[in-house]
Trainee: 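Got a structure here, written out as structure tokens. Questions coming.
Throughout, protein chains are lettered first and strands after them, A, B, ... in sequence-line order, and every chain is numbered starting at 1.
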Amino acid sequence: MDKEIIQIENQEPVICIKDLKKSFGSLNVLNGVDFEIKKGENIAVLGRSGTGKSVLIKIISGLLKPDSGLVKVLGQEVDKLNEKELQTLRLKIGFSFQNSALYDSMSVRENLKFPLVRNRRELNDKEVNDAIESVLNDVGLPQTINQMPSELSGGQKKRIGIARTLILKPEIMLYDEPTSGLDPITCIELNNLILKVQQEYKTSSIIITHDLTCAKNTSDKVAVLVQGKFLKVGSFEEVFSSDDENIRTFYNYNFTENTKSNEK
Amino acid sequence: METTSKNPNSTTKKKYLISKSIDSFFEDLYELYTFIIRFFKESFSAPVEWKEIVNQCYAIGYKTLLLVSVTGFITGTVFTKQSRPSLSAFGAASWLPSLVSIAIIKTMAPLITALIAAGKVGSNIGAELGSMKVTEQIDAMEVSATNPFKFLVVSRILASTFMMPVLVLYTGLVGMMGAYLNVHANEATSFISFFISAFKTIEFKDIFTSLFKAICYGFTIGVAGCYQGYNAENGTQGVGRAANLAVVFSMFLIFVEELLIVQVLNNFK
Ligand SMILES: Nc1ncnc2c1ncn2[C@@H]1O[C@H](COP(=O)(O)OP(=O)(O)OP(=O)(O)O)[C@@H](O)[C@H]1O
Ligand SMILES: [Mg+2]
């Protein structure tokens with residue numbers, strides 16, 4: 001057991017970001033972000049709306065180009081890759097969008113089939129169908145297979161969006177607010193799904209969230225993004241024992257409500 | 001004092017706004033240029049999205065067939081009916097089939113088909129790609145290692161470029177059928193003699209010119225729709241804007257092209 005941990009410690013990080021900067025016009029969104037993720041690790045990124053959390057993972061997946069700084073994913077510098085190399089790398093990165101981004105014109109089955117048949121042309125029909133069914137079972141929605149995205153609820157859409165990225169068996173998962181706008185029970189289900197994905201698919205993940213319960217339950221580490229920088233990276237307890245005002249506000253917003261109602 | 005200082009301020013501001021809009025016009029033009037260059041680059045690189053191209057061709061044909069049939073037929077009939085009095089005045093009613101078919105094949109069929117397709121296909125492409133863009137479906141395609149430009153844009157532009165000549169030929173034939181029915185009802189001309197006198201005056205060059213125009217219009221409609229949709233911004237509002245601009249641009253460009261092509265090809269006589 002100890003040996004395994006040491007091996008993990010010695011490994012090169014799957015994602016390594018150094019002094020990352022990005023601005024849009026005069027708006028400085030990211031202003032020197034540094035962090036690393038090791039294999040199998042889940043990190044939660046917290047931060048207020050508009051602080052650039054989505055921008056951060058879009059840079060990691062190569063959807064946006066950084067202005068400066070190092071962005072290394074699985075040992076490759078994302079912004080220096082040509083289109084072919086980027087496509088190969090992207091097969092190993094799963095991206096679950098904030099608004100699910102399911103293809104409206106396709107049914108759930110076709111949504112899941114799309115990335116699979118286009119990237120794994122060697123599979124026959126049966127293997128494709130098996131893969132679709134197994135990934136739908138993993139997210140707990142086998143009954144939706146023939147529905148259209150417009151017929152799904154928000155939480156179902158999120159889970160199908162996750163399924164669509166899992167079908168390529170990624171090594172890294174990027175979740176953009178997986179639990180936002182969902183009821184507490186669905187949130188718990190999604191948290192469990194994220195943990196299940198981490199264990200079964202052996203992924204390393206970045207989970208963007210406003211939801212501290214989600215961060216606490218799903219992540220090994222927590223980072224707080226304030227004014228374009230990671231204010232603090234560490235375990236949940238480490239980060240939230242800090243006295244920094246920004247972090248306290250975050251904590252209070254999420255948990256004081258509960259304590260108040262308990263006191264009553 | 002205040003008023004004198006205000007005036008130069010407002011003129012500099014006006015000048016600034018004008019120069020800014022000129023700048024942005026050239027920026028847009030350059031962006032459009034790179035978009036078209038990218039289209040040509042990616043249409044010649046493997047793998048070709050045959051299945052999607054065929055799907056789009058089918059969709060374009062299916063969407064426009066009824067509309068171009070009706071409008072083509074009506075145009076043929078009405079144009080024949082309205083040309084008759086002026087020709088009869090010169091005792092030249094027997095020229096009606098040739099006059100009408102030249103007008104239909106050379107100008108009306110290409111223009112009508114292109115305008116209908118701009119309204120129907122162009123707006124559809126603009127809205128479809130626009131909504132995919134603003135709801136991040138295009139980004140989703142990109143991160144799942146599919147080239148969205150090739151899958152969505154190239155296939156649509158190729159399909160509309162390929163389908164337009166087919167539709168123009170079809171509209172031309174339907175229009176001539178409309179013309180024939182009107183001639184038949186009034187002059188009791190037989191089907192065969194109508195088409196013999198019609199095709200006596202139509203040269204191969206005329207048909208070729210129409211097909212060439214159709215290809216240009218089809219390309220224009222595809223590019224306008226895809227460019228506007230693919231670059232849509234600002235949420236659902238941007239989707240409507242994209243669809244609208246796709247139609248406006250393509251209709252305007254179609255007329256400009258009509259003028260240019262006719263001018264250029266007339267020189268080759
Ligand atoms: N493509 C873009 N062009 C211009 N500005 C952008 C672009 N993408 C993001 N921004 C700006 O960057 C800032 C950060 O955006 P981002 O979407 O990363 O926020 P976020 O932290 O994910 O917020 P939320 O929690 O609301 O999703 C915002 O102010 C936004 O206006
Ligand atoms: Mg976001």
Side-chain angles (χ1 to χ4, degrees), chain A residues 24 54-55 57-64 73 78 81-106 110-121 149-150 157 160-170 172-174 176-177, chain B residues 20 23-24 27 34 37-38 41-42 44-53 55-56 58-60 62-63 124-156 229-236 238-239 243:
Chain A
F24 295 102
S54 300
V55 170
I57 57 171
K58 282 184 183 167
I59 290 175
I60 292 173
S61 62
L63 282 174
L64 290 173
V73 177
V78 178
L81 299 178
N82 66 28
E83 190 149 344
K84 269 249 169 67
E85 294 164 331
L86 190 58
Q87 283 207 358
T88 321
L89 179 64
R90 275 174 173 161
L91 288 177
K92 298 175 194 156
I93 306 178
F95 196 123
S96 149
F97 282 82
Q98 194 163 354
N99 302 312
S100 315
L102 299 181
Y103 306 129
D104 289 331
S105 56
M106 304 181 194
E110 287 160 341
N111 261 285
L112 298 177
K113 200 173 163 185
F114 186 84
L116 193 62
V117 294
R118 301 185 63 78
N119 293 306
R120 309 264 317 271
R121 287 173 201 269
S150 57
K157 277 186 197 163
I160 298 295
I162 293 173
R164 188 176 63 182
T165 65
L166 288 180
I167 205 162
L168 291 173
K169 306 240 182 305
I172 297 172
M173 279 296 293
L174 308 171
D176 200 345
E177 304 197 12
Chain B
K20 205 174 153 187
D23 279 0
S24 80
E27 264 166 32
T34 49
I37 295 293
R38 184 167 176 201
K41 253 189 212 154
E42 302 218 2
F44 290 112
S45 69
V48 183
E49 306 275 359
W50 288 115
K51 209 172 151 203
E52 186 61 14
I53 295 175
N55 279 346
Q56 289 305 321
Y58 175 75
I60 290 172
Y62 175 79
K63 273 178 209 143
N124 199 286
I125 293 178
E128 192 183 14
L129 292 197
S131 70
M132 290 188 79
K133 174 75 193 296
V134 302
T135 57
E136 296 181 314
Q137 290 174 51
I138 290 184
D139 285 344
M141 228 172 240
E142 197 158 348
V143 292
S144 70
T146 293
N147 180 345
F149 193 92
K150 196 164 201 176
F151 184 77
L152 298 170
V153 173
V154 172
S155 64
R156 277 167 178 73
Y230 202 75
N231 293 311
E233 270 169 3
N234 303 336
T236 41
V239 178

Trainee: Which atoms of Asn119(A) are under 4.5 Å from chain B, going by heavy atoms: the side chain, the backbone, both sets, or neither?
Mentor: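 It is the side chain, since no backbone atom gets that close.
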Trainee: Pro148(B): what forms a side-chain contact (heavy atoms from CB on, under 4.5 Å) with it, not counting sequence neighbours?
Mentor: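 Partners of Pro148(B) under the side-chain contact (heavy atoms from CB on, under 4.5 Å) test: Ile138(B), Met141(B), Glu142(B), Leu152(B), Tyr230(B).
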Trainee: What donor-acceptor contacts under 3.5 angstrom involve side-chain atoms of residues 57-64 of chain A, with partners at least two apart or in another chain?
Mentor:
unit_1	atom_1	unit_2	atom_2	d
Lys58(A)	NZ	Glu136(B)	OE2	2.8
Ser61(A)	OG	Ile57(A)	O	3.2
Ser61(A)	OG	Lys58(A)	O	3.2

Trainee: Quick one: do Val143(B) and Phe97(A) satisfy side chain to side chain contact (heavy atoms under 4.5 Å, CB included)? Show the steps, please.
Mentor: CA-CA 10 Å; Val143(B) 292; Phe97(A) 282 82; 3.8 Å; yes
Trainee: Heavy-atom pairs under 4.5 Å with chain B - which of Asp104(A), Leu91(A), Asn99(A), Ile93(A) has more of them than the others?
Mentor: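 Among the listed options, the one with the most contacts to chain B is Asp104(A).
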Trainee: Return the minimal non-hydrogen interatomic distance between Ala145(B) and Gln87(A), and the atom names on each side.
Mentor: O-OE1, 3.4 Å
Trainee: Is the number of heavy atoms from other residues, nucleotides or ligands within 6.0 Å of CZ (Arg118(A)) greater than 12?
Mentor: yes
Trainee: Taking atom CZ of Phe24(A) as the centre, does the number of heavy atoms from other residues, nucleotides or ligands within less than 6.0 Å exceed 12?
Mentor: yes
Trainee: Is Leu102(A) in contact with chain B via its backbone, its side chain, both, or neither, using a 4.5 Å heavy-atom distance?
Mentor: backbone
Trainee: Looking at Lys41(B), I'd like to know if its NZ atom is crowded, meaning that more than 12 non-hydrogen atoms belonging to other residues, nucleotides or ligands lie closer than 6.0 Å.
Mentor: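 12 or below, so no.
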